Amino acid sequence: MVRTRFAPSPTGYLHIGGVRTALFCWLFARRHGGQFLLRIDDTDVQRNVEAALAPILHGFRWLGLDWDEGPEVGGPHAPYFQSQRQHRYQQAVAELLARGAAYRDYATAEELQAEREQAQAEKRPFLYSRRFMAETPADCARFEAQGRQAVVRLKMPREGSLVINDLVRGEVVFEWAREQDHVVQRADGTCLYHLASVVDDYDFQITHVIRAEEHLSNTPRQVFIAQALGYPLPAYAHLPYVAEPGSKNKLSKRKLDKYLKQRDFAQVYEHGLAIARALRLEAAAETFNPVVVDFYEQVGYLPEALLNYLLLLGWSLDDKTEFLTREQMIANFSLERVTRASASFDPKKLWAFQDHYMQQLPLAEKVERMLPYLVRAGLLSRPVKEEDRALLERVVIACGERLKVLGDILNYGDFFFREWPEYDMGAVAKQLGKQRARELLLRFVEGPLETEPFTAEALEQAMQAFVAAEGVKVGDVIHALRVAVTGKTIGPGLYDCLAILGREACRQRIVRAVELAGKPVG
RNA sequence: GGCCCCGUCGUCUAGCCAGGUCUAGGACACAGGCCUUUCACGCCUGCAACACGGGUUCGAAUCCCGUCGGGGUCACCA
């Protein structure tokens with residue numbers, strides 16, 4: 001039985017690179033009919049784990065990455081929080097000590113630092129002298145009499161080498177003599193991550209440790225711990241990490257400012273920001289950040305688009321396949337086809353996947369999923385009336401492929417749901433600034449707007465007749481008309497807008513816009 | 001700096017293990033054009049890569065060696 005795990009720290013947000021790793025773990029487990037678990041690595045955080053964990057679990061659920069064991073779902077190996085498993089780690093430390101694979105060390109931070117500096121001065125690799133290693137109770141007593149406190153260190157081999165057969169990278173060789181005597185238990189008795197991780201992987205019967213490449217160089221010490229404890233070794237697979245747009249540095253949520261200088265990244269961010277404003281979200285930098293998964297849910301990306309994009313960031317089926325359903329992903333995933341080089345996150349490509357999936361979404365589904373956005377923006381209230389739902393359906397049809405994310409309904413269709421449009425005053429000034437334009441609009445109200453029936457087709461014909469009679473071009477009136485009834489310069493076909501809004505609303509808006517433009521600003 | 005990993009268009013990648021069918025394929029982005037009442041879409045065209053240098057071979061993106069470049073990691077963080 002294949003068992004994989006993803007082990008997030010409760011930080012309050014789900015990093016896009018983390019999700020990619022989790023996705024690969026999940027896919028590998030599902031591909032082999034195995035299980036995927038979630039373990040919370042909170043050995044060092046004393047913050048409110050509950051609150052910081054919620055957004056992460058929420059993200060997993062949103063993406064449909066279900067876990068067989070872990071927080072909230074429990075399981076036979078509970079608890080799945082490292083903070084609650086300290087006794088197990090301490091047990092393991094005692095065993096390590098008993099077997100001579102670890103020792104108590106009484107060196108102070110300063111003494112250690114001095115050794116490091118000396119090694120550096122002599123240009124040789126640092127290796128702790130084990131000067132304050134205590135191997136007997138008498139040693140301990142002597143050091144403690146000096147007021148020293150002990151940590152527990154691994155007694156790493158100083159000869160030979162270790163070959164790791166990484167499922168992504170192949171054979172990787174490490175010299176034991178380059179490995180430090182890492183601390184596994186702090187002076188206060190609490191245990192550290194590497195020890196905890198190995199113990200948990202054993203207790204949870206993890207068969208495949210699939211994680212980011214940054215852990216590759218941590219592997220020797222973990223192998224050492226596992227072997228010293230007599231645990232069978234899991235298979236290892238180190239995935240390349242997700243890099244910044246346009247560079248090979250690891251993607252970091254703290255560098256948003258830097259990424260925003262990149263055009264593509266900025267575009268996607270700005271677009272999301274417009275939606276966030278319409279939703280009156282506090283665009284807190286913490287989660288409103290394209291490096292954080294929350295961002296995509298908030299502005300209305302589809303989980304399948306994000307998953308598909310992330311899958312192809314470091315994995316490919318062949319030279320052609322771009323779109324895979326969840327089932328196809330599971331059926332085809334393999335670690336052999338994972339790339340070895342890190343891959344830059346490209347928000348524009350994600351956008352393209354999103355576009356694709358959005359256009360695939362059935363009309364009824366779009367309506368259903370866009371409704372909450374209108375509600376949250378305060379444009380519709382619950383319970384949603386049937387007529388509003390019908391209106392939304394017409395609007396969605398009219399908007400067509402302009403809707404790229406669910407939240408786009410607010411960018412393109414808000415004015416259908418407001419009493420008055422929010423006028424873009426720059427556009428008003430430009431399109432309605434001239435007396436002549438305003439006169440034309442008013443005559444439009446008296447003429448074409450009286451058309452019967454009040455349909456897009458009829459209105460278009462009436463417009464043709466109107467401009468011919470006025471001796472102007474369609475363009476001379478249509479742009480001003482759009483701004484007058486929608487408040488903005490972008491949007492669905494104008495005649496569709498007019499027809500959906502209805503005669504009376506159009507009349508009122510045109511009159512109002514003309515007044516607005518006719519008056520001096522202020 | 002030590003150790004480890006990586007290196008095909010701007011980006012994601014196919015091809016590499018089993019050398020020739022690769023004048024290197026696809027996608028995103030970009031540029032130009034068409035369509036057009038805005039925006040978006042669509043259509044057409046274009047731009048663009050085997051990091052470099054040596055080998056091996058009839059033949060190398062593919063194998064070997066070296067160089068260079070990029071990244072990761074070196075905590076009583078995870």
Side-chain angles (χ1 to χ4, degrees), chain A residues 7-11 41-45 82 105 109 112 116 119-120 123-126 149-153 164 166 168-170 172-175 177-180 182-194 196-197 212-220 238 240-241 243 245-250 263-264 309 312-323 336-337 339-353 355 359 399-404 408 411-412 427 431 460 463 473-479 481-483 486 488-495 497:
Chain A
S9 302
T11 51
D41 284 8
D42 55 352
T43 47
D44 192 52
V45 246
Q82 293 195 325
D105 178 54
L112 244 20
R116 276 203 189 88
Q120 193 165 17
K123 292 194 159 107
R124 60 173 166 80
F126 166 68
Q149 285 192 311
V151 297
V152 176
R153 285 183 186 280
I164 292 167
D166 192 280
V168 170
R169 275 150 224 286
V172 184
V173 183
F174 294 91
E175 299 298 318
R178 294 276 176 269
E179 298 297 319
Q180 303 297 323
H182 289 102
V183 173
V184 288
Q185 186 176 50
R186 299 185 180 89
D188 68 6
T190 58
C191 294
L192 272 73
Y193 167 77
H194 292 291
S197 185
E213 188 196 335
E214 59 203 86
H215 285 290
L216 183 54
S217 46
N218 297 148
T219 309
H238 288 93
Y241 50 86
S247 102
K248 288 296 176 198
N249 295 317
K250 203 160 57 167
R263 187 186 53 185
D264 291 353
Y309 170 72
L312 263 28
L313 197 59
W315 182 87
S316 65
L317 177 60
D318 52 36
D319 59 340
K320 296 241 158 39
T321 309
E322 297 177 78
F323 303 110
E336 293 80 62
R337 292 199 62 85
T339 331
R340 279 174 300 272
S342 55
S344 295
F345 178 67
D346 180 351
K348 270 298 189 65
K349 186 144 187 176
L350 166 55
W351 177 260
F353 275 92
D355 188 6
Q359 307 321 328
C399 287
E401 296 184 350
R402 292 170 186 81
L403 302 171
K404 306 296 187 195
D408 271 336
N411 287 335
Y412 288 105
Q431 298 298 344
E460 180 160 10
M463 174 68 89
K473 286 177 292 189
V474 172
D476 294 334
V477 27
I478 209 161
H479 301 297
L481 189 52
R482 171 180 295 283
V483 173
T486 75
K488 54 184 106 191
T489 57
I490 60 161
L494 180 64
Y495 303 112
C497 289

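None of the values given here were measured: they were computed from a predicted structure. Numbered from 1 within each chain, the chains take letters A, B, ... in sequence-line order.
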Would you say a side-chain N or O of [X] is under 4.0 Å from OP1 or OP2 of [N]?
X        : N      : value
A/Arg402 : B/rU38 : no
A/Arg116 : B/rA75 : yes
A/Ser316 : B/rA14 : yes

Original post:
With respect to the side chain of A/Arg337, which nucleotide from B/rC39, B/rA14, B/rU37 is positioned closest?
Top reply: B/rA14
**OP:** Kindly point out which of B/rU37, B/rU13, B/rC6 is positioned nearest to the side chain of A/Tyr495?
**Re:** B/rU37
**OP:** Decide yes or no on side-chain hydrogen bond (donor to acceptor under 3.5 Å, both in side chains) for A/Arg186 and A/Thr190, but give the supporting numbers first.
**Re:** CA-CA 5 Å; A/Arg186 299 185 180 89; A/Thr190 58; 2.9 Å; yes
Original post:
Is there a donor-acceptor pair closer than 3.5 Å between any side-chain N or O of A/Ser247 and the backbone N or O of A/Ala243?
Top reply: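 Between the backbone of A/Ala243 and the side chain of A/Ser247 there is no qualifying donor-acceptor contact (under 3.5 Å).
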Original post:
By salt bridge (charged side-chain N to carboxylate O under 4.0 Å, His left out), which residues pair with A/Glu214, not counting sequence neighbours?
Top reply: A/Lys250
Original post:
Can A/His194 be called stacked on B/rA78 when the rule is centres closer than 5.5 Å and an angle between planes below 30°?
Top reply: no
Subject >> Spacing of the P atoms in B/rG32 and B/rG70 (rounded, Å) >> reply: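 Their P atoms lie roughly 33 Å apart.
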**OP:** Scan nucleotides 24-36 of chain B nucleotide by nucleotide, 5' to 3', and note B when protein non-hydrogen atoms come under 4.0 Å of the base, S if they reach only the sugar-phosphate, - if neither.
**Re:** -BSBSSS------
Taking only N/O atoms, report every protein-nucleotides 60-65 of chain B pair under 3.5 Å with atom names and distance.
none

